[in-house]
Amino acid sequence: MASFITELKRSKYNGEFSTADVGQPAVVFGWVQSYRDHGGVIFIDLRDRTGFVQLRCEPSPHLHAHAVADTVRNEWVIAARGTVISRGTNINPKIPTGEVEIAVEQLQVLTEAQTPPFEVRDGIDTNENSRLTYRYLDLRRPELNRNFVARSRAMQLTRAYFTEKHGFLELETPILMKSTPEGARDYLVPSRVHPGQFYALPQSPQQFKQLFMMSGMDRYMQICRCFRDEDLRADRQPEFTQLDLEMSFVCPEDIYQILEGYVAEIWSQMLGYQLQLPLRRMAYAQAMDKYGCDKPDLRFDLPLSNLTETLRDRVEFRVFADVLAKGGIVKALYLPQGDAFTRKDLDTTIPQEAAPFGAKGVAWARVTAQGEWTGPVAKGVSAELRNELNALMGTAEGGLILFVADKPAVVHASLARLRLFAGERLNLIDKNAWAFLWVTDFPMFEFDETDQRWYAMHHPFTSPRADHLELLDSNPGQVLAQAYDLVVNGTELGGGSVRIHASDVQAKIFASLGLSDQEAKEKFGFFLEALKFGTPPHGGIALGMDRMMMLLTQSSSLRDVIAFPKTQKATCLMSDSPNSVDDKQWAELHISPRRV
RNA sequence: GGAGUGGUAGUUCAGUUGGUUAGAACGCUGGCCUGUCAAGCCAGAGGUCGCGGGUUCAAGUCCCGUCCGCUCCGCCA
């Protein structure tokens, strides 16, 4: 008999068999998904990355194959040769290959397998600990496997769109870079050759991609790994993959257009979903005012209302009056279907949702007949004031008003959370909807109360709006940047900006950030120097590819679209990294562990 | 750095007010079975109740500490 692999080559993947193959000889390889031994006939579901095909082993005339089939167990790797036959009316409608099966004539065990620590099957609910420790087993599961097939396809489409259709060059930037201040904490790499000195892994190739523009590359793209040593979330890993882009001689409109074509292409090719272009846009200030957040989920509306000025000097409700007196604000979320929220929600659940954001409480009022209110706020609001507020929020009988009074950051964060909570509770979120949004006109700076200084909201190479340059000295908080984020269903997919191309402007920004000339020179000297040698106006954007895959595959965690992810403590449970290294390595790197 | 939540058989979970020998399902092992497809039937094996300490006649259960997973706040230009 001919031997598998060297002579008998795979005729096709297991998931690809159909009635068109009936009567054809077949050679298949794969993992045993399940076996059903009826004493006589034995059925084996053979899995590979494309799906399953059922093997049928009859006791005769292929006695040997049947004897081998009798021994196989789940996850063994086997090879089979046989003939594709129709299952007639006895089909399995649950799987795509369910109308055919392979009548086995030759069967060989290529590798036996230990019993896996969890069943390799969709729909399991194994704890993350085991899944991550035995990641290669988890990845065999079709529902996870398909995410990486999709990921591969998305990456190919991405390269093709930018390099073939739009003239981008795919260029690479260093992984060992210079550590820079500002921004996220760096992952550091000690230098062996230079005692006491360190490289940093890139948080993003920001300066290098700008240097490509200065180098005349005109259009740059890279699918690159970035590293940030910050604490993790479901949508944040310490290393992640970014689609990094930069273009010369462009304004924000040009960048929007290229990106819109890109996401339209991806959503069309990957999901068959036709995006309506151009995408919606909203200024940062409006997003904050209306939704309390710079990445609103616009699959549903539920806008916030700012009641601050209407209430000022008129409201008797103590909490509001006190907050207003101290310079705080009062905003409200109006929910038309108020009866979906119980008294327990109002007393317990809703305050608990808002508490992590600093809200000391959530006041409420139910709207009854003739626009009257019940609840704790009601008696602190005159009939006249109430009517004005009703008109402002567009209330109706049966509605519920949730109020938060505090400093703006707390009001916005907690009401933004409550808005999402209510959207879910009221079933307002259409799972098939795609709400894309450009958030534009971000402020250039934000003030840090702890450090008592301004920080760049995007990054320090972002260009302010030309007409705001003169505000840099007088009123930095008012300066708007030529920066934009692309938001999808409440997820920040990416962000970018038009960059500064004049060294004097760049110097002014550093000054606004409190960097002395000396410091700027030390940290960014080469970059400031480069700016002086003829820098084209340029701008770009970076998209989080992992987050995009999360959206495209409807995954709830980044771990489902990153092949070998880290835990929340940034460890790899499979390979057990990070790990300690021996003294020789410490010595070579001229460093020593800190005594605790 | 902080908050919440979980950790009991290989896996998912149950385990009452602290009380006899810690259970179920799936998986696993063996047997039967020629049309299953998460096969079925019969039998069996399988436990450091995360770890350490404490209270108690008695701890999976109560208390303290600690480790790990997850979610969130801070953080993430």
Side-chain angles (χ1 to χ4, degrees), chain A residues 33-46 52-60 66 69-70 73-75 85 87-95 97-99 101 103 114-134 137 180-186 203-204 206-207 226-238 240 352-359 409-410 413-414 417 442-446 448 450 454-462 481 483 492 495-497 509 513 542 544 556-557 559 565-569 571 573:
Chain A
Q33 172 71 25
S34 77
Y35 57 93
R36 296 174 292 280
D37 182 349
H38 288 256
V41 67
I42 297 171
F43 297 105
I44 296 171
D45 287 343
L46 195 66
F52 320 114
V53 67
Q54 175 165 283
L55 308 182
R56 189 183 72 181
C57 304
E58 296 270 4
S60 69
H66 183 265
D70 204 29
R73 293 294 181 268
N74 288 341
E75 300 310 316
I85 58 173
R87 291 180 56 168
T89 54
N90 183 25
I91 62 169
N92 179 2
K94 290 184 192 167
I95 59 172
T97 62
E99 290 182 63
E101 63 190 0
Q114 281 184 29
T115 301
F118 52 86
E119 291 174 67
V120 179
R121 200 180 53 178
D122 281 351
I124 61 163
D125 191 18
T126 307
N127 73 50
E128 290 283 330
N129 216 318
S130 303
R131 291 181 56 191
L132 291 172
T133 305
Y134 300 95
L137 298 180
T180 56
E182 311 247 342
R185 203 174 285 119
D186 284 324
Q203 297 174 23
S204 83
Q206 183 60 38
Q207 290 166 60
C226 302
F227 307 85
R228 294 179 189 175
D229 189 3
E230 297 292 347
D231 288 338
L232 275 57
R233 291 286 187 280
D235 63 351
R236 268 166 34 191
Q237 282 270 315
F240 56 98
Q352 272 174 5
E353 288 289 327
F357 302 92
V410 169
S414 47
R417 171 65 212 139
F442 277 82
M444 187 72 196
F445 305 106
E446 56 190 342
D448 185 284
T450 316
W454 295 96
Y455 277 93
M457 194 157 179
H458 189 53
H459 58 57
F461 314 107
T462 300
E492 182 195 328
S497 62
I509 297 298
L513 293 170
S556 56
S557 169
R559 290 186 299 278
K566 302 273 192 295
T567 68
Q568 196 168 37
K569 286 215 168 81
T571 66
L573 293 178

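Please read these numbers as outputs of a predicted model, since none were measured by experiment. We use all heavy atoms of the structure for the numbers below, so side chains are in, but hydrogens, waters and symmetry mates are not. A, B, ... follow the sequence lines: proteins, then strands. Residue 1 opens every chain.
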Decide yes or no, distance alone: a donor-acceptor N/O pair under 3.5 angstrom between the base of B/G74 and the side-chain of A/Asp231.
yes
Whole-Å C1' distance, B/A22 and B/G15:
8 Å
Does a nitrogen or oxygen in the side chain of A/Arg417 sit under 4.0 Å from OP1 or OP2 of B/U71?
no
Return no unless some side-chain N or O of A/Lys94 is found under 4.0 Å from OP1 or OP2 of B/A38.
yes
Among B/G69, B/C37, B/G74, the nucleotide that comes nearest once only the side chain of A/Gln54 is considered:
B/C37
Among B/U34, B/G27, B/C68, which nucleotide sits nearest the side chain of A/Pro59?
B/U34
Side chain of A/Glu101: nearest nucleotide among B/C72, B/U36, B/C76?
B/U36
Nearest-neighbour nucleotide for the A/Arg233 side chain, B/A39, B/C28, B/C75 considered:
B/C75
Take atom C1' in B/A25 and the same atom in B/U20, then report the distance between them in whole Å.
25 Å
What's the closest nucleotide to the side chain of A/Asn127 if the choices are B/U71, B/U12, B/C76?
B/U12
Residue-phosphate contact under 4.0 Å: A/Ser557 side-chain N/O, B/C70 OP1/OP2
no
Looking only at the side chain of A/Gln568 (C-beta and beyond, no hydrogens), which of the listed nucleotides B/C13, B/U36, B/C72 gets closest?
B/C72
Of the listed nucleotides (B/C26, B/C37, B/G69), which one gets closest to any side-chain atom of A/Leu573?
B/G69
Nearest whole Å is fine: how far is B/G7 P from A/Leu132 CG?
18 Å
Nearest heavy-atom neighbours spanning A/Phe445 and A/Trp454:
CB-CE3, 3.5 Å
B/G6 and B/U12, which share atom name C1', separated by this distance in whole Å
13 Å
Stacking here means centres under 5.5 Å and planes under 30°; does A/Phe43 stack on B/U36?
yes
Is there, by distance only and without an angle test, a donor paired with an acceptor across the side chain of A/Arg236 and the base of B/C75 below 3.5 Å?
yes
Could you state the CG-P distance from A/Asn129 to B/U12, rounded to the nearest angstrom?
10 Å
Using only side-chain N and O atoms of A/Arg36, determine if any of them is under 4.0 Å from OP1 or OP2 of B/A39.
yes
Heavy atoms from C-beta onward define the side chain here; which of B/U11, B/C37, B/C76 lies closest to that of A/Arg87?
B/C37
So which one's nearest nucleotide on RNA chain B is more toward 5', A/Pro460 or A/Ser556?
A/Ser556
Once you apply a heavy-atom cut-off of 4.0 Å, does A/Thr180 come out as touching a base, just sugar-phosphate, or nothing?
nothing
When all nucleic acid strands are considered with a 4.0 Å heavy-atom cut-off, which category describes A/Asn74: base, sugar-phosphate, or nothing?
sugar-phosphate
Under the 3.5 Å rule, do the base of B/G27 and the side chain of A/Arg73 count as making a donor-acceptor pair?
no
Side chain of A/Ser130 (C-beta onward), nearest among B/C70, B/U11, B/U36
B/U11
Taking the C1' atom in each of B/C76 and B/U5, what is the distance between them to the nearest angstrom?
24 Å
From CZ of A/Arg121 over to P of B/G10, roughly how many Å is that when rounded to an integer?
18 Å
If you only use heavy atoms from C-beta on, which nucleotide in B/U36, B/U11, B/C76 is closest to the side chain of A/His38?
B/U36
Select from A/Ile124 and A/Gly40 the residue whose nearest nucleotide in RNA chain B is closer to the 5' end of that strand.
A/Ile124
Under 4.0 Å from OP1 or OP2 of B/U11: is there any side-chain N or O of A/Thr126 that close?
no
Across the strands shown, which category fits A/Asn92 at heavy-atom distances under 4.0 angstrom: base, sugar-phosphate, nothing?
base
Below the 4.0 Å mark, does B/U11 have OP1 or OP2 next to a side-chain nitrogen or oxygen of A/Thr115?
no
